[in-house]
There are 2 protein chains.
Amino acid sequence: MSSREDATRTTGRAPASARGAGRRVGIRDVAEATGLSITTVSHALRGKGQIAPATRERVRRAAAELGYRPDPVARGLVSGRTGILGLVVGHMADLPWASTYRPYYAAFSAGATMAAVERDYALVAVPGDPASGLWARVPMDGMIIVDPVREDPLLADCARRGMPVVTDGRPIDPGYEDVPTVESDLEQGMAAILGHLREAGAARVGLLSGPEPDAYTQDCERLYRQWCATAGQAPLVETPAVTEDPVEAALRMLSAPDRPDAVHGLNETYGQALIVAARRLGLTVPGDLMISVMRASDQAAGTTDWEVPLTALSLDARRLGAECVAALIDVLDGKEPGNSVVPCTVVVRGSTRRAEPSTR
Amino acid sequence: MSSREDATRTTGRAPASARGAGRRVGIRDVAEATGLSITTVSHALRGKGQIAPATRERVRRAAAELGYRPDPVARGLVSGRTGILGLVVGHMADLPWASTYRPYYAAFSAGATMAAVERDYALVAVPGDPASGLWARVPMDGMIIVDPVREDPLLADCARRGMPVVTDGRPIDPGYEDVPTVESDLEQGMAAILGHLREAGAARVGLLSGPEPDAYTQDCERLYRQWCATAGQAPLVETPAVTEDPVEAALRMLSAPDRPDAVHGLNETYGQALIVAARRLGLTVPGDLMISVMRASDQAAGTTDWEVPLTALSLDARRLGAECVAALIDVLDGKEPGNSVVPCTVVVRGSTRRAEPSTR
DNA sequence: CAGGGAGACCAAAACGTTTTGGGCACAGCG
DNA sequence: CGCTGTGCCCAAAACGTTTTGGTCTCCCTG
């Protein structure tokens with residue numbers, strides 16, 4: 001090493017900065033520019049060791065001026081990190097209504113990507129199919145699993161390999177109590193949306209639930225039943241089978257003798273299904289039937305709402321993604337992040353406004 | 001076998017196997033197990049140098065047995081690669097109808113991810129906003145840009161920094177002729193879908209185009225006009241403004257005196273807009289108006305099609321993604337990939353079946 | 001039997017950082 | 001004046017590979 005440094009000075013070998021034109025500037029260049037050792041430069045920039053404030057500042061300035069950015073690969077070599085976080089999306093890509101969740105995933109991963117990049121991590125989408133074992137080939141420091149299902153194979157794999165994990169939505173299998181989790185505040189949210197329906201004039205509120213074995217579905221259903229108890233009405237829950245057209249489930253619910261005059265759907269597809277079913281049965285929205293749905297917050301409004309703009313309980317998918325990344329990085333840094341809860345908000349639109357005309 | 005135990009002796013260092021318990025198995029472990037040098041092991045596994053076939057096999061076996069996987073980070077240090085490919089998604093996330101393209105992006109990136117992982121690369125989603133400069137913080141070997149627009153800032157940035165790029169859809173600005181490109185075979189596809197409409201009984205076929213300044217839109221429009229010339233009809237093109245509800249554009253087209261009896265829409269949202277517009281005008285589909293659209297192939301059918309199942313020119317987004325990755329890796333490996341063209345297929349559904357269910 | 005060449009293997013450098021274990025000078029204390 | 005900190009800095013090791021530039025042995029040729 002020193003012989004190499006000496007060679008640079010004494011033998012007239014071109015200094016690094018003069019070699020290849022587009023060469024990356026390295027820590028050595030900064031050291032050379034300041035006349036310090038690379039150790040001192042590293043310490044100055046990372047805030048470690050004892051460095052005179054003036055020196056530290058001098059190094060900072062030189063580094064900025066030279067446009068020095070430490071090579072993440074080299075840094076990873078010594079730290080043992082890759083700087084890559086995995087995000088499992090589409091682990092239910094084979095389910096019929098998978099595209100329903102795309103807006104949610106899109107917003108979630110947009111938020112996660114931003115948060116990761118800001119902290120100098122990169123986010124990779126991991127092939128969801130656990131059977132392929134493909135995911136193990138991507139070198140990652142940790143993983144984010146969205147909506148783990150019952151007996152989630154990915155979750156089990158990660159636990160076995162000791163890979164740090166954060167989940168969006170609580171794992172429902174036992175044994176994962178220590179996995180940090182980020183969730184929407186469904187407790188507050190469900191109360192708010194159901195309360196809104198009641199206040200808007202609903203006498204009997206139904207729930208169009210889903211077949212997915214995840215905490216989100218479970219919790220919504222539980223909270224709904226809980227609300228029914230306090231609101232003094234009998235619960236009315238319908239769930240489409242996995243392969244069933246949700247319109248069928250909606251028809252079942254709406255053609256029952258004790259049909260509800262308001263229904264909350266657990267995703268937007270169910271909202272559309274309710275609209276279609278209502279039209280087939282000759283029910284007007286929101287006149288005969290009020291409809292509300294869950295929705296990823298930043299979904300472009302209007303895209304699927306030409307029929308009737310849907311009142312929604314809006315989940316802040318972007319923020320959920322960002323919080324997952326933050327929690328995962330905390331884990332990697334040795335901190336123990338608590339579970340975090342993200343608020344969701346009721347957005348009132350035409351489908352629950354009886355007073356005004358709903359169609360444009 | 002044990003005839004060369006002295007290899008470790010000379011270094012005097014504790015053998016790797018005696019260090020940390022759960023340690024990753026490295027190339028040194030394989031060298032130790034086989035009694036060879038790490039050089040030989042590396043060469044044997046990578047197929048370089050001159051290695052006796054028997055030795056090579058012995059190394060392979062030992063490596064497999066020990067579960068050796070070379071550390072991609074260390075490998076990256078020497079090769080100067082990170083093993084990361086960037087994918088720019090949502091660079092038009094701020095456009096009103098961005099969500100229209102989500103199914104396409106989702107399928108595209110699924111295909112790209114698979115292709116990348118299979119070749120031991122990782123695909124990271126890059127924050128689309130070029131202004132933030134955030135994308136430059138992710139260390140990447142190359143980038144895939146989907147649908148570059150006019151004066152695409154990302155494309156310009158990459159060119160400036162000498163970052164290898166492959167685009168999905170040809171760049172329309174001059175000066176990027178050398179950028180490898182992957183495209184759908186729109187020439188064949190547009191001819192097929194327009195031909196289908198004509199054969200299905202359409203007398204006058206219109207095109208609901210888009211405001212996006214990309215090659216896809218340009219080419220579709222050009223091919224449509226070309227087809228009109230050979231089909232002996234006057235072109236009839238309508239384009240919604242960027243901020244305009246496409247239903248307005250559809251209404252303009254359908255309420256004109258010389259209204260078409262078939263319209264092809266450049267994306268699914270436009271298809272829905274046409275349906276809505278037709279209903280408002282009292283036109284039946286496919287009776288008074290046939291509708292066809294462009295669509296990402298593996299979009300879950302039925303999701304947005306409760307109204308009328310739409311005949312589509314189905315773009316193989318998965319494959320397009322995979323081909324982009326293949327092309328980019330070729331570039332990184334020093335090969336010069338040609339531009340590749342992916343076929344697209346006509347999928348006939350209800351919106352263009354006037355008489356009876358035809359063959360399919 | 002010298003010389004050449006090829007086949008099989010290896011030690012050490014290199015990649016660009018961070019981390020470890022000091023070294024040196026100067027001040028304060030006894 | 002010696003001894004101990006302490007503030008500031010540095011050389012070298014380490015991270016796990018690939019690549020470079022060999023060495024050694026054997027066989028063939030003349």
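Keep in mind that what you see is a predicted model, and the values were worked out from it rather than measured.
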Whole-Å distance separating the [atom1] atom of [X] from the [atom2] atom of [N]:
{"X": "Glu57(A)", "N": "dC8(D)", "atom1": "CD", "atom2": "P", "value": "15 Å"}
{"X": "Arg24(B)", "N": "dG16(D)", "atom1": "CZ", "atom2": "P", "value": "9 Å"}
{"X": "Leu45(A)", "N": "dG16(C)", "atom1": "CG", "atom2": "P", "value": "17 Å"}
{"X": "Ile38(A)", "N": "dG16(C)", "atom1": "CD1", "atom2": "P", "value": "11 Å"}
{"X": "Gln50(B)", "N": "dG22(D)", "atom1": "CD", "atom2": "P", "value": "17 Å"}
{"X": "Arg56(A)", "N": "dG7(D)", "atom1": "CZ", "atom2": "P", "value": "13 Å"}
{"X": "Arg69(B)", "N": "dT17(D)", "atom1": "CZ", "atom2": "C1'", "value": "14 Å"}
{"X": "Arg46(A)", "N": "dC9(D)", "atom1": "CZ", "atom2": "P", "value": "17 Å"}

Flag side-chain contact, heavy atom, 4.5 Å: Glu183(B) against Asn339(B) |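 No - every pair of side-chain heavy atoms lies 4.5 Å or more apart.
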Which atom names give the shortest non-hydrogen contact between Val182(A) and Asp168(A), and what distance separates them?
->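 Shortest heavy-atom contact: O-OD1, 3.2 Å.
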Locate the shortest heavy-atom distance separating Thr181(A) from Gly169(A); write the atom from each residue and the value.
->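 Looks like CG2-C, 3.8 Å.
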With sugar-phosphate meaning primed atoms plus P, OP1 and OP2, does Thr55(B) contact a base, only sugar-phosphate, or nothing at under 4.0 Å between heavy atoms?
->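 Sugar-phosphate, backbone atoms only, no base.
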Donor/acceptor link under 3.5 angstrom from Thr39(A) side chain onto base of dA11(D) =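 Between dA11(D) and Thr39(A), which were checked side chain against base, a qualifying N/O pair under 3.5 Å is present.
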Under 3.5 Å, is there an N or O donor on one side and an acceptor on the other linking the side chain of Thr40(B) and the base of dA8(C)?
->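 Donor-acceptor pair under 3.5 Å: no.
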Do any side-chain nitrogens or oxygens of [X] fall under 4.0 Å of OP1 or OP2 in [N]?
{"X": "Arg75(B)", "N": "dG16(D)", "result": "no"}
{"X": "Lys48(A)", "N": "dT18(C)", "result": "no"}
{"X": "Ser42(B)", "N": "dT18(D)", "result": "yes"}
{"X": "Ser37(B)", "N": "dA11(C)", "result": "no"}

To the side chain of Leu36(B), which of dC9(C), dT18(C), dC15(D) is closest?
->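 From the listed options, dC9(C) comes nearest.
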Between Leu77(B) and Ile51(B), which has a closest nucleotide on DNA chain C that is more 5'?
->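 The 5'-side residue here is Ile51(B).
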Name the residue closer to the 5' end of DNA chain C, choosing between Val78(B) and His43(B) according to the nucleotide with the nearest heavy atom.
->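 Residue closer to the 5' terminus by nearest nucleotide: His43(B).
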Verify whether one side chain among Tyr121(A) and Arg81(A) offers a donor that lies under 3.5 Å from an acceptor in the other.
->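 Side chains of Tyr121(A) and Arg81(A): pair found under 3.5 Å.
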Will you find, in the side chains of Ser37(A) and Thr40(A), an N or O donor that is under 3.5 Å from an N or O acceptor?
->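 Thr40(A) and Ser37(A) do have a side-chain donor-acceptor pair below 3.5 Å.
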